[in-house]
There are 2 protein chains.
Amino acid sequence: MIKTTTQENLIEIATQLFATKGFAAVSVRELTDAAHINVSAISYHFNGKEGLYQAVLKEQLAPILKALQFVKSKHTLSPIDRLTLYADQIARIHNQRPFLARFINSESITPTSFGGPVIETHLSQVYQFIQATLQEGIDHGEFQADLDVNYAAISLVGSLNFYFIAKPLIQKFIRLTNDDNAEYTAHAFRIYLHGILTQV
Amino acid sequence: MIKTTTQENLIEIATQLFATKGFAAVSVRELTDAAHINVSAISYHFNGKEGLYQAVLKEQLAPILKALQFVKSKHTLSPIDRLTLYADQIARIHNQRPFLARFINSESITPTSFGGPVIETHLSQVYQFIQATLQEGIDHGEFQADLDVNYAAISLVGSLNFYFIAKPLIQKFIRLTNDDNAEYTAHAFRIYLHGILTQV
DNA sequence: GTCTATATTGCGATAGAC
DNA sequence: GTCTATCGCAATATAGAC
């Protein structure tokens, strides 16, 4: 029997509900009913519904920058290997946090005053890393010289992450024989890499 | 001076507000204030807030199946040319309806009882077309034999559509010198196609 | 730290006058 | 077809007992 505090319990429940229904569509009563606690606990522990959402968001986003720092620290790797490592990390993070993509997606499209800036900072760093790595690969002659690094960076992020965003819907009409996230990202990245290489 | 009916005016305002804030976060008063009409007009004309949303959704989704039918009808085209034509259509549709990606995205992740099934039907057909075309290309020896058509279809849709979903956020930290949607999709599709071809 | 009870606000919908 | 006025309800938040 694992002991969990009221705070931890609330964050876990809130992560699921906010992710699947959206911030505005979840009421504090729905949250506290699901957590089998009293309504007033949210205000007491998190200073209101927004405070709880902020706590959830903070906890969800923690691994992103950490992974990016890890990949960046591998100076000795070639651009190809660094991008490959990044794709691996993406799969790993989504495995750990199945709801992360939904929060990022939701905040990207309808940013909240608190979550918006956080997401913006995170994604900005991700894009900068990808662009810089693509440019490095172009300069080294590994990637095609006429690549537009802006567009190509968006393509990569889209190709890798769209799967995790749309997964609930996709599973309704595509039979995914294997639910392994790493398998998808590996396949998508293979196509992408093959698409930007100068030679195969 | 263009004459617009109250219905048309409401749908236009509602398209913008629902797309940018989400269904649950928009109140009927906000809608009618923005449209400079009375609150009761929504119930009168659309039988309530949900009815208005349905009308917006229906109007937004109309071009998707039409475009798909058009591409499918080009029997004589090769798999490569049919996919290329499809990518062109995607750009064209998003040009016409700048908010479409947000509605599809929103309904994919947090489906409403009315919108969910509609989106599901639409996207299911898109995936089936892409999968079938990929398989045809594999059988003809144009595409790599070891492609997983399920994963590869998701990659393509993600690569092409993610840009339109995340555009509001991306524009905050990527300088897009040219706002032309067709330019992005062409570039993304070029990478993708190059990535799945057997020879270049 | 958790509860009950309640204050307050804003929601969607509609009856009825014009 | 459009308005005012209002109903009934559900939202978040909180004061105060335990």
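Naming: A, B, ... by sequence-line order, numbering from 1 per chain. Because the structure is predicted, anything quoted here is derived from the model rather than measured.
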Sequence neighbours left out, cut at 3.5 Å: what donor-acceptor pairs do the side chains of residues 107-121 of chain B make with other protein atoms?
| unit_1 | atom_1 | unit_2 | atom_2 | d |
| --- | --- | --- | --- | --- |
| E107(B) | OE1 | T112(B) | N | 2.9 |
| E107(B) | OE1 | T112(B) | OG1 | 3.2 |
| E107(B) | OE1 | G116(B) | N | 3.1 |
| E107(B) | OE2 | Y53(B) | OH | 2.6 |
| E107(B) | OE2 | T112(B) | OG1 | 2.9 |
| S108(B) | OG | I104(B) | O | 2.6 |
| T110(B) | OG1 | S106(B) | O | 3.1 |
| T112(B) | OG1 | G115(B) | N | 2.9 |
| T121(B) | OG1 | P117(B) | O | 2.9 |

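- The two residues F18(A) and V56(A) come nearest to each other via the heavy atoms CD1-CG2, 4.5 Å.
- Against DNA chain D, the stretch residues 10-25 of chain A makes no heavy-atom approach under 4.0 Å.
- Straight-line distance from the CG atom of L31(B) to the P atom of dG12(C): 8 Å, rounded to whole Å.
- Look at CD on E50(B): it is 12 Å from P on dT14(C), rounded to the nearest Å.
- Between the C1' atom of dA10(D) and the CD atom of E30(A) lies a distance of 13 Å, rounded to the nearest Å.
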Tell me, with the steps shown, if Q69(A) and S73(A) meet side-chain hydrogen bond (donor to acceptor under 3.5 Å, both in side chains). CA-CA 6 Å; Q69(A) 296 310 325; S73(A) 74; over 6 Å; no
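- Pairs passing the salt bridge (charged side-chain N to carboxylate O under 4.0 Å, His left out) check and including a residue from residues 54-67 of chain B, sequence neighbours excluded, read E59(B)-R97(B).
- In this entry the distance linking OH of Y44(B) with P of dT14(C) reads 14 Å, nearest Å.
- Among residue pairs with one or both ends in residues 141-168 of chain B, those qualifying as salt bridge (charged side-chain N to carboxylate O under 4.0 Å, His left out) are R190(A)-D146(B), K167(B)-D179(B); sequence neighbours excluded.
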Please list, for nucleotides 3-10 of chain C, all pairs of protein and nucleotide N/O atoms separated by less than 3.5 Å.
| unit_1 | atom_1 | unit_2 | atom_2 | d |
| --- | --- | --- | --- | --- |
| dC3(C) | OP2 | N38(A) | N | 2.9 |
| dC3(C) | N4 | S40(A) | OG | 3.0 |
| dT4(C) | OP2 | N38(A) | ND2 | 3.2 |

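- I165(A) places none of its side-chain heavy atoms less than 4.5 Å from the side chain of I165(B).
- Contact check, T6(B) against dG1(D): no side-chain N or O comes under 4.0 Å of OP1 or OP2.
- Separating the CD1 atom of I42(B) from the P atom of dG12(C) is a distance of 8 Å, rounded to the nearest angstrom.
- Formation of a donor-acceptor pair under 3.5 Å by the S43(A) side chain with backbone atoms of S40(A) is not found in this model.
- Protein atom CZ of F46(B) is 13 Å distant from nucleotide atom P of dA13(C), rounded to whole Å.
- The distance from atom CG of D33(A) to atom P of dT2(C) is 16 Å, rounded to the nearest whole Å.
- Among the nucleotides dT2(D), dA13(C), dT14(D), the one closest to the side chain of H45(B) is dT2(D).
- Note on residues 24-40 of chain B: pairs passing salt bridge (charged side-chain N to carboxylate O under 4.0 Å, His left out), not counting sequence neighbours, are K21(B)-E30(B).
- Relative to the six-membered ring of F23(A), K49(A) meets both conditions, a distance below 6.0 Å and an angle of at most 45° to the axis.
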